[in-house]
There are 2 protein chains.
Amino acid sequence: MKKSEIIQLLESRNIQASYHRMKILEYLVNHRTHPTVDKIYSSISGEIPTLSRTTVYNTLKVLVEKKLVAQVTVEENELRYDYSEGPHMHFKCTKCGELYDIFDNCKILEVKNIDGHSIDEHHVYLKGICRNCREKNA
Amino acid sequence: MKKSEIIQLLESRNIQASYHRMKILEYLVNHRTHPTVDKIYSSISGEIPTLSRTTVYNTLKVLVEKKLVAQVTVEENELRYDYSEGPHMHFKCTKCGELYDIFDNCKILEVKNIDGHSIDEHHVYLKGICRNCREKNA
DNA sequence: GTATCTGCAAAACATTTGCAATTCT
DNA sequence: AGAATTGCAAATGTTTTGCAGATAC
């Protein structure tokens with residue numbers, strides 16, 4: 001994604017497009033790997049030597065508030081961040097640790113009402129053995 | 001649930017039925033409110049004055065390993081524990097904070113295979129406005 | 001020149017670990 | 001006695017907070 005598009009994304013949500021914010025959002029857009037705060041920090045702090053963790057936290061907070069980025073709880077105790085397009089589920093392989101996005105078979109994500117409750121957010125994460133690990137064993 | 005049943009539960013999974021473990025499991029069985037470690041600790045430490053948090057952590061770890069109890073991530077950063085019977089989903093009201101178990105419409109919980117991955121665990125949590133809060137507004 | 005953003009250091013929390021004391025069999 | 005369980009205190013790791021300095025509008 002081009003730098004101008006990153007800026008547009010930010011400004012479309014009324015977020016000032018500071019250098020740090022651009023870099024952090026750019027990282028999330030280009031690395032759809034659901035990184036942790038620490039992963040983001042260590043990945044871009046080479047480019048921005050003065051970057052502090054606090055700024056990463058601050059920025060992510062803003063991005064989540066403005067719904068540009070989602071907080072994902074894939075595994076207990078691992079707060080991760082996700083720039084994603086469209087509803088999807090997550091699948092984590094308990095063997096290799098790889099995390100997959102699942103776009104198939106997502107009817108649950110379309111449910112707007114259950115037991116009289118109205119539903120705004122759907123979070124689905126599945127765990128098991130991924131197809132690669134299964135093939136290796138076979 | 002009777003004390004003898006609690007003991008049976010523990011022994012059926014080859015867990016020594018110590019006093020602390022019985023009390024912690026009893027609490028979870030009688031309070032299906034997905035309590036945090038701290039909630040469990042402060043709720044029963046009155047009865048067991050020498051109880052330490054470490055023991056609660058240790059016990060919960062054993063109970064989860066032996067699959068008597070499930071770790072639930074309802075909200076980011078809140079590790080909760082759940083003694084539950086049968087697969088179900090969770091719904092949290094963003095207005096009143098109440099957490100509901102959902103047993104309806106759970107087809108996703110039956111899926112054993114997606115995209116070639118084999119699935120062992122299903123975690124679904126939904127957020128929105130619960131029926132009580134909706135009625136109050138109407 | 002005022003508001004916003006950034007970064008350091010300290011604080012706040014939750015969880016884990018090592019080890020010694022206790023309890024159970 | 002020997003093994004498992006418990007509990008304290010310290011360590012760890014992550015996120016938050018307060019405030020001062022820098023930057024942007």
Side-chain angles (χ1 to χ4, degrees), chain A residues 3 6-7 9-11 13-28 34-66 68-82, chain B residues 3 6-7 9-11 13-28 34-66 68-82:
Chain A
K3 188 181 267 191
I6 299 287
I7 296 176
L9 265 178
L10 288 168
E11 296 191 335
R13 308 292 168 109
N14 294 311
I15 307 170
Q16 265 188 44
S18 77
Y19 182 65
H20 295 107
R21 285 172 177 170
M22 281 172 48
K23 282 297 178 188
I24 290 167
L25 179 55
E26 192 177 40
Y27 182 84
L28 283 165
H34 318 79
T36 60
V37 171
D38 215 62
K39 177 70 183 163
I40 299 169
Y41 171 75
S42 51
S43 297
I44 62 181
S45 64
E47 259 185 286
I48 316 173
T50 67
L51 183 69
S52 83
R53 258 171 246 274
T54 306
T55 299
V56 180
Y57 279 105
N58 286 340
T59 300
L60 288 171
K61 196 178 172 192
V62 172
L63 296 180
V64 168
E65 273 169 10
K66 303 289 185 166
L68 261 183
V69 162
Q71 235 174 10
V72 184
T73 314
V74 186
E75 197 70 71
E76 301 79 12
N77 271 335
E78 290 182 331
L79 253 191
R80 293 170 170 274
Y81 292 85
D82 185 19
Chain B
K3 189 183 265 190
I6 299 286
I7 296 176
L9 264 179
L10 288 168
E11 297 189 336
R13 309 289 169 110
N14 295 310
I15 307 171
Q16 265 189 43
S18 76
Y19 182 65
H20 294 105
R21 284 172 178 170
M22 280 171 50
K23 281 297 179 189
I24 290 166
L25 179 55
E26 194 178 39
Y27 182 85
L28 283 165
H34 317 80
T36 59
V37 171
D38 215 62
K39 177 70 183 165
I40 299 168
Y41 172 75
S42 53
S43 297
I44 62 182
S45 64
E47 259 185 286
I48 316 172
T50 67
L51 182 68
S52 82
R53 271 190 182 74
T54 306
T55 299
V56 180
Y57 278 106
N58 287 340
T59 300
L60 289 171
K61 196 180 173 189
V62 172
L63 296 179
V64 168
E65 272 169 10
K66 304 288 186 168
L68 262 182
V69 162
Q71 235 175 12
V72 185
T73 314
V74 187
E75 197 69 72
E76 301 80 10
N77 272 334
E78 288 181 330
L79 253 192
R80 292 170 172 274
Y81 293 85
D82 185 18

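We name chains A, B, ... by the order of the sequence lines, and we start the count at 1 in each one.
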For this session: Look at the side chain of A/Ser18 and the base of C/dC5, then say whether one donor and one acceptor between them are separated by less than 3.5 Å.
Result: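 Answer is no: no donor-acceptor pair is held.
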
Could you state the atom-to-atom distance from [atom1] of [X] to [atom2] of [N] in whole Å?
| X | N | atom1 | atom2 | answer |
| --- | --- | --- | --- | --- |
| B/Leu60 | D/dT5 | CG | P | 15 Å |
| B/Ile48 | D/dG7 | CD1 | C1' | 13 Å |
| A/Arg21 | D/dC25 | CZ | P | 11 Å |
| B/Tyr19 | D/dT5 | OH | P | 18 Å |
| A/Lys23 | C/dT6 | NZ | P | 14 Å |
| A/Ile15 | C/dA3 | CD1 | P | 21 Å |
| A/Leu79 | C/dT15 | CG | P | 13 Å |
| B/Ile40 | C/dT15 | CD1 | P | 11 Å |

Problem set entry | B/Val37 side chain near B/Leu79 side chain, heavy-atom distance below 4.5 Å | no

Exercise. Can you find a pair of side-chain heavy atoms, one from A/Lys23 and one from A/Tyr19, that are under 4.5 Å apart?
Worked result: yes

For this session: Return no unless some side-chain N or O of B/His20 is found under 4.0 Å from OP1 or OP2 of C/dT23.
Result: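 B/His20 to C/dT23 OP1/OP2: no side-chain N or O under 4.0 Å.
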
Exercise. Are any of B/Ser52's side-chain N or O atoms less than 4.0 Å away from OP1 or OP2 of D/dT6?
Worked result: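 No.
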
Seminar exercise, completed: In B/Thr59, B/Leu10, B/Leu25, the residue satisfying side chain to side chain contact (heavy atoms under 4.5 Å, CB included) with B/Ile15 is B/Leu10

Problem set entry | Backbone N/O of B/Tyr41 and side chain of B/Ser45: donor-acceptor pair under 3.5 Å |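 Judged by distance alone, yes, a pair lies under 3.5 Å.
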
For this session: Scan B/Arg53 against the nucleic acid and name what it touches under 4.0 Å (heavy atoms): base, sugar-phosphate only, or nothing.
Result: nothing

Problem set entry | Position toward the 5' end of DNA chain C (nearest nucleotide), B/Gln16 or B/Asp38 | B/Asp38

Seminar exercise, completed: A/Tyr57 has its side chain closest, among D/dG7, D/dT15, C/dA9, to D/dT15

Problem set entry | Residue A/Thr55, side-chain heavy atoms: nucleotide from C/dT6, C/dT15, D/dT6 that is nearest | C/dT6

Exercise. What distance do B/Ile7 atom CD1 and B/Gln16 atom CD have between them, rounded to the nearest 0.5 Å?
Worked result: 12.5 Å

